[in-house]
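Before any comments, here is the structure.
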Amino acid sequence: MKYSRLFLPTLKEVPAEAEVISHKLLLRAGMIRKLASGLYSYLPLGLKSLRKVEKIIREEMDRAGAQEVLLPIVQPSELWRESGRWEHYGKELLRFEDRHGRASCLGPTHEEVITDIVRKEVRSYRDLPLNLYQIQTKFRDEIRPRFGLMRGREFIMKDAYSFDVDDEALEKTYQVMYKAYCRIFERCGLDFRPVEADTGSMGGHASHEFMVMSNTGEDQIACCTSCNYAANVELAPVIQSPHHQNAESVNHQITKVSTPGKRSVKEVTEFLGISADHLVKTLIMIADDRPVAALIRGDHELNNIKLKRFLGVETLNFADEATVRSVTGAPVGFSGPAGLSKGLKVVADQDISTLKNFVTGANEPDAHFTGVNWNRDIPVPEFADIRVITEGDPCPNCKGKIELKRGIEVGHIFKLGTKYSASMGATFLDDTGEKQPAVMGCYGIGVGRTVAAAIEQNHDENGIIFPISIAPFEVIISLVNINDNLMSKAAEDIYNGLLAQGVEVLLDDREERPGVKFKDADLLGIPLRIVVGKRLKEKDEIEIRSRGTGNIISVKKNEAVKKAVEILR
RNA sequence: CGGGACGUGGCUCAGUCUGGUAGAGCACAGCGUUCGGGACGCUGGGGCCGGAGGUUCAAAUCCUCUCGUCCCGACCA
């Protein structure tokens with residue numbers, strides 16, 4: 001490709017709308033442009049990278065025995081009613097009516113459609129296992145799209161769905177997919193980590209996320225410093241720490257103290273001169289329309305998912321002011337476990353079971369209790385692991401310590417089980433003639449997000465440093481002076497030579513000063529840059545520079561193609 | 001959905017407080033000089049200041065509403 005003919009609008013200045021580095025660089029490098037919030041167009045260069053990721057995915061999915069299909073984006077509400085998700089999916093599911101008044105939606109995912117196909121076509125265990133995938137645009141009406149391609153409303157996703165005869169067969173498929181995912185992200189040149197994850201709205205029972213390590217990631221991962229344990233913080237179980245609070249042998253008197261206007265943990269602990277791990281906060285929650293009190297140590301965070309699972313409820317949210325008042329008799333900020341309304345379910349984090357002489361709200365305005373102890377002052381509630389794991393907690397898997405890292409979720413694989421096949425009737429006859437629901441798995445990759453994640457991980461102050469496997473071009477030839485016949489001829493020769501070798505090469509034949517060409521080459525992140533310039537005239541040499549390392553080698557003009565190919569392959 | 005910020009040539013922004021004929025840099029077009037890290041000079045084109053309403057002799061500027069964009073927020077007990 002000749003640069004002079006390429007639609008590649010690069011930006012010298014950073015667009016005001018971009019916050020994270022991948023977003024800035026995608027815009028500056030002319031790869032994407034925004035149409036509206038969460039909606040992006042891919043320009044030629046961006047599309048090239050996207051296609052490269054797609055190609056890697058296709059190769060690895062095909063290798064793993066999956067077959068490509070293409071499913072509709074617009075889906076009828078009937079299917080979603082069958083799976084129960086028409087009611088449960090939430091506002092992210094964009095619903096609308098067509099001209100005939102038929103309720104429809106834009107597919108945020110395709111379990112329903114694929115299950116519908118399989119239930120219509122698959123009859124026998126002889127047809128299984130079956131694994132179908134597509135690379136398709138999804139739409140999720142996100143509350144807050146952000147960070148460019150990282151969290152758009154419309155985005156490109158590879159999703160695969162597997163159907164097996166039983167759990168054991170699913171386990172095998174799952175392992176094959178797990179390995180395929182590792183290969184995909186390795187080939188994309190990413191520093192990633194598979195982590196144990198929550199299954200979220202997909203349902204099902206086992207799941208791994210593939211996280212690209214990056215401090216701009218939206219997800220927090222609990223990693224063990226001594227073993228290879230890694231899990232999403234949403235999921236990571238907390239092993240109860242051995243009685244770190246039990247130094248105090250004396251039980252103090254329970255005392256009501258005035259704490260005017262002191263609501264937050266920070267305010268109360270500072271006012272009373274105590275540390276946050278001596279305070280028990282009482283969170284009034286609404287669990288499926290019923291209020292519940294959750295007790296958590298002041299320096300800990302409630303884990304919604306854990307509490308939801310413990311209570312066996314679908315939704316869990318903070319209660320509104322009015323509910324808090326009616327349940328506790330006090331405004332928000334002064335709730336405590338003593339004297340809550342009768343019959344209120346109380347769940348306490350296991351870590352506060354060993355606390356003594358702690359502080360709680362007094363359930364009246366501007367007052368807290370100090371010196372609170374279990375039994376004597378308040379009834380012993382149900383204890384459970386309902387908090388978020390934190391830095392320094394023990395590893396659930398070994399004796400190591402947990403540290404928290406950030407990651408970008410680029411892939412997610414689930415064992416779905418029979419959630420969809422059972423509700424939608426995707427069954428087959430097994431070898432004894434029994435009707436069985438297919439056991440499903442589903443496997444997603446955010447394709448655009450993978451490109452963004454690669455940029456987050458591979459850049460410097462001058463621009464992108466693409467891994468060769470997903471770079472839009474492998475080589476850029478910077479022709480320093482297009483009006484110099486010797487240089488132009490040499491650049492053209494090298495260009496044709498590389499093309500003949502199947503190398504994806506961009507010839508910068510623009511009428512620009514050298515500095516502009518170098519800056520753009522760096523910004524675009526093309527792995528190799530060949531400079532045809534003054535050395536050609538002096539020594540018949542050209543330079544080959546690696547974008548990643550900055551290393552430059554000079555070679556004779558006639559060696560250029562051979563040498564470049566050697567470095568690339 | 002709440003809170004905050006911002007909408008002024010294609011881009012980055014000044015001008016708004018204190019109303020009085022719309023600016024800069026970059027980009028673009030032409031000419032000249034330059035030519036290995038985002039050159040310089042001269043000339044030129046391009047904006048009804050997001051939109052609607054209002055106040056005023058006069059509105060980018062003040063008021064009201066609206067649309068859009070970005071950021072923060074379930075963690076406060």
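Letters A, B, ... mirror the listed sequences (proteins, then strands); counts begin at 1.
- Rounded to an integer number of Å, the gap from A:Lys534 NZ to B:rG36 P is 7 Å.
- Using N1 to N3 plus N6-O4 or O6-N4 for Watson-Crick, or N1-O2 and O6-N3 for G-U wobble, each under 3.5 Å, B:rC13 pairs with B:rG23.
- Distances shorter than 4.0 Å separate none of the side-chain N or O atoms of A:Arg144 from OP1 or OP2 on B:rC1.
- When heavy atoms are screened at a 4.0 angstrom cut-off, A:Asp520 is found touching base atoms of the nucleic acid.
- At a threshold of 4.0 Å, the pair A:Glu538-A:Lys534 does not count as salt-bridged, since none of the basic side-chain nitrogens sits closer than that to a carboxylate oxygen.
- Listed nucleotides: B:rC76, B:rC75, B:rG37. Nearest to the side chain of A:Glu301: B:rC75.
- Taking every side-chain heavy atom of A:Ile143 into account, B:rC1 is the closest of B:rC1, B:rC72, B:rG38.
- Comparing B:rU12, B:rG38, B:rC75 by their nearest atom to the side chain of A:Asn304 picks out B:rC75.
- In this structure, A:Ser478 does not reach the B:rG36 phosphate: none of its side-chain N or O atoms is under 4.0 Å from OP1 or OP2.
- Across the P atoms, B:rU69 and B:rU12 are found 15 Å apart, a figure rounded to whole Å.
- Spacing of C1' atoms, B:rC71 relative to B:rA29, comes out at 39 Å, to the nearest Å.
- Mapped onto RNA chain B by nearest heavy atom, A:Leu536 and A:Ala36 fall at different nucleotides, with A:Leu536 at the one closer to the 5' end.
- What separates CG of A:Asn317 from C1' of B:rC76 is a distance of 14 Å, to the nearest Å.
- Across the P atoms, B:rU8 and B:rC62 are found 16 Å apart, a figure rounded to whole Å.
- Atom CG of A:Leu302 and atom C1' of B:rC76 are 12 Å apart (whole Å).
- In this structure, A:Lys345 pairs ionically with A:Glu382, as a charged nitrogen and a carboxylate oxygen lie closer than 4.0 Å.
- For A:Glu19 and A:Arg146, the salt-bridge test fails: no basic side-chain N is under 4.0 Å from an acidic carboxylate O.
- Comparing the same atom, C1', in B:rG44 and in B:rA60 gives a spacing of 26 Å after rounding to whole Å.
- Atom CG of A:Asp349 is separated from atom CG of A:Leu355 by 9.5 Å, given to the nearest 0.5 angstrom.
- Spacing between atom CD of A:Glu511 and atom P of B:rA29 amounts to 11 Å, rounded to whole angstrom units.
- Side-chain atoms of A:Asn481 stay outside donor-acceptor range of the base of B:rG36, with no qualifying N/O pair under 3.5 Å.
- Shown here, B:rU33 forms a base pair with B:rA39; the pair counts as Watson-Crick or G-U wobble because both key distances fall under 3.5 Å.
- As judged by a 4.0 angstrom heavy-atom cut-off over every strand, A:Gly361 is placed among residues making no nucleic acid contact.
- The existence of a salt bridge linking A:Arg535 and A:Glu543 is confirmed by a sub-4.0 Å separation between a basic side-chain nitrogen and an acidic carboxylate oxygen.
- Note on A:Val324: nothing from the nucleic acid sits closer than 4.0 angstrom, heavy atoms only.
- Atom pair A:Glu512:CD and B:rG38:C1' shows a separation of 9 Å (rounding to whole Å applied).
- The base of B:rG38 sits with one of its N or O atoms less than 3.5 Å from a complementary donor or acceptor on the side chain of A:Arg28.
- With a 3.5 Å ceiling on both atom-pair distances, the Watson-Crick or G-U wobble partner of B:rG7 is B:rC67.
- Using a 4.0 Å heavy-atom distance criterion, A:Arg529 is classed as a base contact.
- Between A:Asn303 and A:Ala18, the residue anchored nearer the 5' end of RNA chain B, judged by the nucleotide with its closest heavy atom, is A:Ala18.
- Distance noted for atom C1' between B:rG51 and B:rC76: 38 Å (whole Å).
- Straight-line distance between the P atoms of B:rU18 and B:rG25: roughly 30 Å, to the nearest whole Å.
- Candidate nucleotides B:rU69, B:rA77, B:rG36 were compared by shortest atom distance to the side chain of A:Val265, and B:rA77 ranks first.
- Atom CG in A:Leu39 sits roughly 15 Å away from atom C1' in B:rC70 (whole-Å rounding).
- Side chain of A:Leu523, nearest nucleotide from B:rA77, B:rC71, B:rG38: B:rG38.
- Between A:Asp522 and A:Arg545 there is a salt bridge, with a side-chain nitrogen of the basic residue lying less than 4.0 Å from a carboxylate oxygen of the acidic one.
- Taking the side chain of A:Glu13 as heavy atoms from C-beta on, and the options B:rU69, B:rG25, B:rC71, the nearest nucleotide is B:rG25.
- A:His300 and A:Lys281 make their closest contact through O-NZ, 2.8 Å (heavy atoms, listed as atom of the first residue, atom of the second, distance).
- In this structure, a donor-acceptor pair under 3.5 Å is absent between the side chains of A:Glu456 and A:His459.
- Checking B:rG38, B:rA77, B:rU69 against every side-chain atom of A:Lys12, the shortest atom distance belongs to B:rG38.
- Straight-line distance between the C1' atoms of B:rU61 and B:rU55: roughly 13 Å, to the nearest whole Å.
- A:Pro15 comes within 4.0 angstrom of the backbone, heavy atoms only, and of no base.
- Comparing B:rA77, B:rC13, B:rG36 by their nearest atom to the side chain of A:Val480 picks out B:rG36.
- Across all strands shown, A:Thr282 has heavy atoms under 4.0 Å from base atoms, whether or not it also approaches the sugar-phosphate.
- Residue A:Lys34 has a polar side-chain atom (N or O) positioned under 4.0 Å from OP1 or OP2 of B:rC70.
- What separates CZ of A:Arg153 from P of B:rC70 is a distance of 9 Å, to the nearest Å.
- Set against B:rC75, B:rC70, B:rA77, the side chain of A:Leu279 has B:rA77 as its closest nucleotide.
- The gap from the C1' atom of B:rA14 to that of B:rC6 amounts to 15 Å, rounded to the nearest Å.
- Across all strands shown, the partner of B:rG44 is B:rC28, judged by Watson-Crick or G-U wobble contacts whose two distances both fall under 3.5 Å.
- Picking from B:rG36, B:rA39, B:rC75 the nucleotide with the shortest atom distance to the side chain of A:Arg513 gives B:rA39.
- Taking only distance into account, the side chain of A:Asn462 never meets the base of B:rG37 through a donor-acceptor pair shorter than 3.5 Å.
- Salt-bridge check for A:Lys138 with A:Glu154: failed, with every basic side-chain N at 4.0 Å or more from each acidic carboxylate O.
- The interatomic distance linking A:Gln220 (CD) with B:rC75 (P) rounds to 16 Å, in whole Å.
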